[in-house]
Colleague: 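Here it is, the structure, as structure tokens.
Here the structure is a predicted model, which means the values were calculated and not measured.
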Amino acid sequence: AFNIVSSLVMTVTDKKSDIAILRTLGASPATITRIFMVQGMIIGMVGTLIGTILGVIAALTIGEVFSWVSQVFGLQLMDAYFINYLPSQLRGSDVLTVVSVSLALSFLATIYPALRAAKIQPAEALRYE
């Protein structure tokens with residue numbers, strides 16, 4: 001969520017003149033807001049999808065991964081925790097909860113930069129261009 005906010009704020013700063021041009025061509029502040037909210041939600045959905053896939057794979061194969069790393073590199077990783085012997089249970093409800101919270105945070109993270117972009121005044125942004 002913090003990365004989404006920071007990247008969108010930087011995008012708004014970099015694209016001030018483009019936003020101003022859109023506003024002079026007739027785009028409403030609501031349209032500008034929607035543009036940045038859609039951009040942020042796409043970033044959030046792609047990140048959530050990739051994170052979910054990698055997380056599910058890691059949860060299902062954690063024992064095998066540690067065994068493989070121990071054999072290949074000759075290291076005794078996490079032997080004190082018996083990670084190879086602990087069962088890993090993947091619960092769909094947990095995955096769904098994490099995905100839902102992630103998407104909600106992504107949506108909330110888009111609000112501030114989108115509203116900031118909508119407040120850009122064309123005359124001010126284009127004054128020094």
Colleague: For Ser100, enumerate each residue passing the side chain to side chain contact (heavy atoms under 4.5 Å, CB included) test, keeping only those at least two apart in sequence or located in another chain.
Modeller: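 Counting only residues at least two positions away or on another chain, Ser100 forms a side chain to side chain contact (heavy atoms under 4.5 Å, CB included) with Leu96.
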
Colleague: If you take all heavy atoms of Gly40 and Leu8, which pair is closest and at what distance?
Modeller: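 Where Gly40 meets Leu8 most closely, the heavy atoms are CA-CD1, 3.8 Å.
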
Colleague: What residues form a salt bridge (Lys or Arg N to Asp or Glu O under 4.0 Å) with Asp94, not counting sequence neighbours?
Modeller: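 Counting only residues at least two positions away or on another chain, Asp94 forms no salt bridge (Lys or Arg N to Asp or Glu O under 4.0 Å).
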
Colleague: Under the side chain to side chain contact (heavy atoms under 4.5 Å, CB included) test against Val99, which residue among Thr97, Val101, Leu103 passes?
Modeller: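 Between Val99 and the candidates, side chain to side chain contact (heavy atoms under 4.5 Å, CB included) is satisfied uniquely by Leu103.
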
Colleague: Tell me, yes or no, whether the heavy-atom count around Asp18 atom CG, taken from other residues, nucleotides or ligands under 6.0 Å, exceeds 12.
Modeller: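 Yes, the 6.0 Å shell around CG holds more than 12 heavy atoms from other groups.
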
Colleague: Look up atom CD1 in Ile19 and atom OG1 in Thr11, then write down how far apart they are to the nearest 0.5 Å.
Modeller: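 Spacing of CD1 (Ile19) from OG1 (Thr11) equals 9.0 Å.
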
Colleague: Can you see which heavy atom on Pro113 is nearest to which on Val12, and at what distance?
Modeller: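 Where Pro113 meets Val12 most closely, the heavy atoms are O-CG2, 3.6 Å.
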
Colleague: Mind checking the CE-CD1 spacing from Met37 to Ile111? Nearest 0.5 Å is all I need.
Modeller: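 Answer for the CE-CD1 pair, Met37 versus Ile111, is 5.0 Å.
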
Colleague: Measure the CD1-CG distance between Ile4 and Leu108 for me, rounded to the nearest 0.5 Å.
Modeller: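 So the CD1 of Ile4 and the CG of Leu108 are separated by 10.5 Å.
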
Colleague: So which heavy atom on Leu60 is nearest to which on Glu64, and how close?
Modeller: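 Residues Leu60 and Glu64, closest heavy atoms: O-OE1, 3.8 Å.
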
Colleague: Please report the interatomic distance CD(Gln39) to CD1(Ile43), rounded to the nearest 0.5 Å.
Modeller: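 Rounded to the nearest 0.5 Å, the CD-CD1 separation comes to 5.0 Å.
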
Colleague: Would you please name every residue forming a side chain to side chain contact (heavy atoms under 4.5 Å, CB included) with Ile57, sequence neighbours left out?
Modeller: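 Checked Ile57 against side chain to side chain contact (heavy atoms under 4.5 Å, CB included); matches are Ile53, Thr61.
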
Colleague: Do Arg23 and Ile32 come within less than 4.5 Å of each other through their side chains, counting heavy atoms only?
Modeller: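 A side-chain contact under 4.5 Å exists here.
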
Colleague: Given side chains that start at C-beta, do those of Met41 and Ser106 come closer than 4.5 Å, heavy atoms only?
Modeller: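 With C-beta onward as the side chain, the pair touches.
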
Colleague: Apart from Phe2 itself, which Ile, Leu, Val, Met, Phe, Trp or Tyr residues share its cluster (side-chain heavy atoms under 4.5 Å, direct or through members)?
Modeller: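 Phe2 shares its hydrophobic cluster with no other residue.
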
Colleague: Where do Ala109 and Ala1 come nearest, in terms of heavy atoms and distance?
Modeller: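 Answer, listing the atom of Ala109 first, then Ala1: CB-O, 3.5 Å.
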
Colleague: Give the minimum heavy-atom separation between Leu90 and Ala59, together with the two atoms involved.
Modeller: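 Heavy atoms only, the tightest pair is CD1-CB, 4.1 Å.
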
Colleague: Do Ile21 and Lys15 have side chains that get closer than 4.5 Å, going by heavy atoms?
Modeller: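 Of all side-chain heavy-atom pairs linking Lys15 with Ile21, none is under 4.5 Å.
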
Colleague: Got a second to check how far Leu105's CG is from Thr48's OG1, nearest 0.5 Å?
Modeller: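 Reported value, rounded in 0.5 Å steps: 9.0 Å.
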
Colleague: To the nearest 0.5 Å, what is the distance between CD1 (Ile120) and CG (Leu22)?
Modeller: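 Interatomic distance, Ile120 CD1 to Leu22 CG, rounded to 0.5 Å: 10.5 Å.
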
Colleague: Would you mind listing the cluster partners of Val9? Hydrophobic ones only (ILVMFWY), side-chain contacts under 4.5 Å, chaining allowed.
Modeller: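 Noted: Val9 shares its cluster with Val5, Tyr112.
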
Colleague: Shortest non-hydrogen contact from Ala118 to Pro29?
Modeller: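 Where Ala118 meets Pro29 most closely, the heavy atoms are CB-O, 3.4 Å.
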
Colleague: I'd like to check the side chain to side chain contact (heavy atoms under 4.5 Å, CB included) partners of Ala104; sequence neighbours left out, ordered by chain and number.
Modeller: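 Side chain to side chain contact (heavy atoms under 4.5 Å, CB included) list for Ala104, sorted by chain: empty.
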
